Amino acid sequence: MNGSPTAPRSLSGRIVRRLFYLLRRLGITISPFLTVREGESPSLLGVATAELPSRFAGPNDIDGLMRLQPGQQREELANWLAAGKMCFLVEDGPKIVAKMWCDLDAFSYPPNYRILENDEAYLFAAYADPDYRGRNLAPLMRASCYEALSKIGRTRFCSYTDYFNTPARRFKAKLFARDEALRVHVDLWGRWSRTFTLRRY
């Protein structure tokens, strides 16, 4: 990801995170994040395999999604499906082992909200069963989802990454994703909030 900032692992990065934590306790939230463009690299073409079947979820899959990631609210998942959001899942037999949500209407992360173009999809809330680590499940799911969305005319994929989430940034780098902008959301005591662009790449 040429031009992208290095993930903050230095002493200065830890100091900044500690400062943000202290400010949050005072009611001031500062949340830096990267907007990301995915699926542009031809290196991902054909990478998806049929080792585990994948498909888009339906209302009857809500129980399985809740078993995959306990703590999610049934009503929220049902509302997402009812609102037209799509959930792409990977199965091992009757068990859902990975999932990722797709919004075809908006980049619905509130600090970066915008209406999508007709060929875009916003990807969010990905999760893979920890028992399946080492099987390259997450990138295979991502590539399979790119292919499935492309078949319905969605060929450009966007997401966001918390600036301080080093594992997520490394994962996106393995997908040859491209950082588009570094942005920061500032919230003052829940009374005023705004998102600023610090840098474009």
Side-chain angles (χ1 to χ4, degrees), residues 1 33-109 112 116 118-162 165-179:
M1 296 188 293
F33 63 93
L34 294 155
T35 57
V36 181
R37 184 66 65 175
E38 301 186 33
E40 295 180 329
S41 173
S43 301
L44 287 174
L45 295 178
V47 74
T49 70
E51 178 186 358
L52 293 175
S54 57
R55 60 179 175 84
F56 287 109
N60 292 335
D61 294 304
I62 290 179
D63 286 340
L65 291 170
M66 292 178 66
R67 282 192 294 270
L68 171 65
Q69 196 172 12
Q72 290 195 306
Q73 300 298 314
R74 175 184 299 274
E75 184 178 4
E76 180 180 41
L77 299 181
N79 287 342
W80 281 355
L81 288 173
K85 294 179 175 60
M86 304 174 72
C87 183
F88 190 78
L89 55 83
V90 179
E91 298 173 299
D92 188 0
K95 180 181 180 182
I96 298 174
V97 296
K99 57 87 181 178
M100 179 170 62
W101 284 87
C102 316
D103 194 328
L104 307 186
D105 296 319
F107 196 130
S108 47
Y109 175 53
N112 195 70
L116 296 177
N118 290 335
D119 62 347
E120 288 185 298
Y122 166 57
L123 309 179
F124 68 103
Y127 183 80
D129 189 329
D131 291 340
Y132 285 72
R133 286 175 182 166
R135 296 182 62 172
N136 216 31
L137 184 59
L140 289 177
M141 174 180 66
R142 213 83 171 184
S144 295
C145 187
Y146 296 158
E147 293 179 9
L149 288 171
S150 293
K151 291 177 182 178
I152 59 173
R154 303 293 173 145
T155 56
R156 295 193 298 147
F157 316 111
C158 53
S159 63
Y160 84 94
T161 308
D162 184 331
N165 190 338
T166 301
R169 294 180 62 178
R170 287 174 177 164
F171 170 69
K172 297 277 180 79
K174 290 179 181 178
L175 294 174
F176 305 99
R178 175 174 58 86
D179 294 338

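Since the model is a prediction, treat every value here as computed from it, not as a measurement. The analysis underlying the following values was restricted to heavy atoms, covering all of them including side chains, and did not include hydrogens, waters or symmetry mates.
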Next item on the list: Please name all residues satisfying side chain to side chain donor-acceptor pair (under 3.5 Å) with Thr161, sequence neighbours left out, ordered by chain then number.
Entry: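 Per chain and number, Thr161 pairs via side chain to side chain donor-acceptor pair (under 3.5 Å) with Lys172.
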Let me have the donor-acceptor pairs involving side chains of residues 70-85, under 3.5 Å, with sequence neighbours excluded, atom names and distances please.
residue : atom : partner : partner atom : Å
Arg74   : NH1  : Asp63   : OD1          : 3.0
Arg74   : NH2  : Asp63   : OD1          : 2.5
Asn79   : ND2  : Glu75   : O            : 3.2

Notebook entry, point to check: Is it true that the side chains of Glu91 and Ser54 contain a donor and an acceptor less than 3.5 Å apart?
Noted result: no
Distance check, rounded to the nearest 0.5 Å: [X] atom [atom1] versus [Y] atom [atom2]?
X      : Y      : atom1 : atom2 : result
Arg170 : Lys174 : CZ    : NZ    : 8.5 Å
Tyr132 : Leu137 : OH    : CG    : 8.5 Å
Phe88  : Glu147 : CZ    : CD    : 8.5 Å

Closest approach of [X] to [Y] (non-hydrogen atoms, all atoms of both residues):
X      : Y      : result
Leu52  : Val90  : CB-CG1, 3.7 Å
Phe56  : Ala148 : CE1-CB, 3.8 Å
Phe157 : Ser150 : CZ-OG, 3.8 Å
Ile96  : Leu89  : CD1-CD2, 3.9 Å
Leu140 : Arg135 : CD1-O, 4.1 Å

Within the 4.5 Å heavy-atom criterion, are [X] and [Y] side-chain neighbours or not?
X      : Y      : value
Glu38  : Ser159 : yes
Phe176 : Glu40  : no
Leu149 : Leu104 : yes
Leu34  : Tyr160 : no
Val36  : Arg178 : no

Note to self: Before you tell me yes or no, could you show the steps for Asp179 and Thr35 under side chain to side chain contact (heavy atoms under 4.5 Å, CB included), namely the whole-Å CA-CA distance, both residues' side-chain angles and the distance that decides it to 0.1 Å?
What the structure shows: CA-CA 6 Å; Asp179 294 338; Thr35 57; over 6 Å; no
Notebook entry, point to check: For Gln69 and Asp129, what are the C-alpha separation, side-chain angles and deciding distance, and is it a side chain to side chain contact (heavy atoms under 4.5 Å, CB included)?
Noted result: CA-CA 8 Å; Gln69 196 172 12; Asp129 189 329; over 6 Å; no
Expected list for residues 118-127: side-chain donor-acceptor pairs under 3.5 angstrom, two or more places apart:
residue : atom : partner : partner atom : Å
Asp119  : OD1  : Arg156  : NE           : 3.3
Asp119  : OD1  : Arg156  : NH2          : 3.1
Asp119  : OD2  : Arg156  : NE           : 3.1
Glu120  : OE1  : Arg114  : NH1          : 3.0
Glu120  : OE1  : Glu117  : N            : 2.7
Glu120  : OE2  : Arg37   : NH1          : 3.0
Glu120  : OE2  : Arg37   : NH2          : 3.1
Glu120  : OE2  : Arg114  : NH2          : 3.0

Notebook entry, point to check: Given the rule in the side chain to side chain contact (heavy atoms under 4.5 Å, CB included) test, do Cys102 and Cys145 qualify, once you have shown the distances and angles that lead to the verdict?
Noted result: CA-CA 9 Å; Cys102 316; Cys145 187; 3.6 Å; yes
Check: Salt-bridged, Arg154 to Asp103, with N to O below 4.0 Å?
Finding: no
Check: Using 30° and 60° as the class limits, which term best fits the ring planes of Tyr109 and Phe33: parallel, tilted or perpendicular?
Finding: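 Perpendicular: the ring planes of Tyr109 and Phe33 meet at over 60°.
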Note to self: For a salt bridge (charged side-chain N to carboxylate O under 4.0 Å, His left out) check, start with the C-alpha distance between Asp61 and Arg55, then their side-chain angles and the critical distance, and finish with the verdict.
What the structure shows: CA-CA 11 Å; Asp61 294 304; Arg55 60 179 175 84; 2.8 Å; yes
Margin query: Applying side chain to side chain contact (heavy atoms under 4.5 Å, CB included), can you list everything that pairs with Ala138, at least two apart in sequence or on another chain?
Written below: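 Residues passing side chain to side chain contact (heavy atoms under 4.5 Å, CB included) with Ala138: Phe171.
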Check: Okay, side chain of Asn165, backbone of Ala168: is any donor-acceptor separation there less than 3.5 Å?
Finding: yes
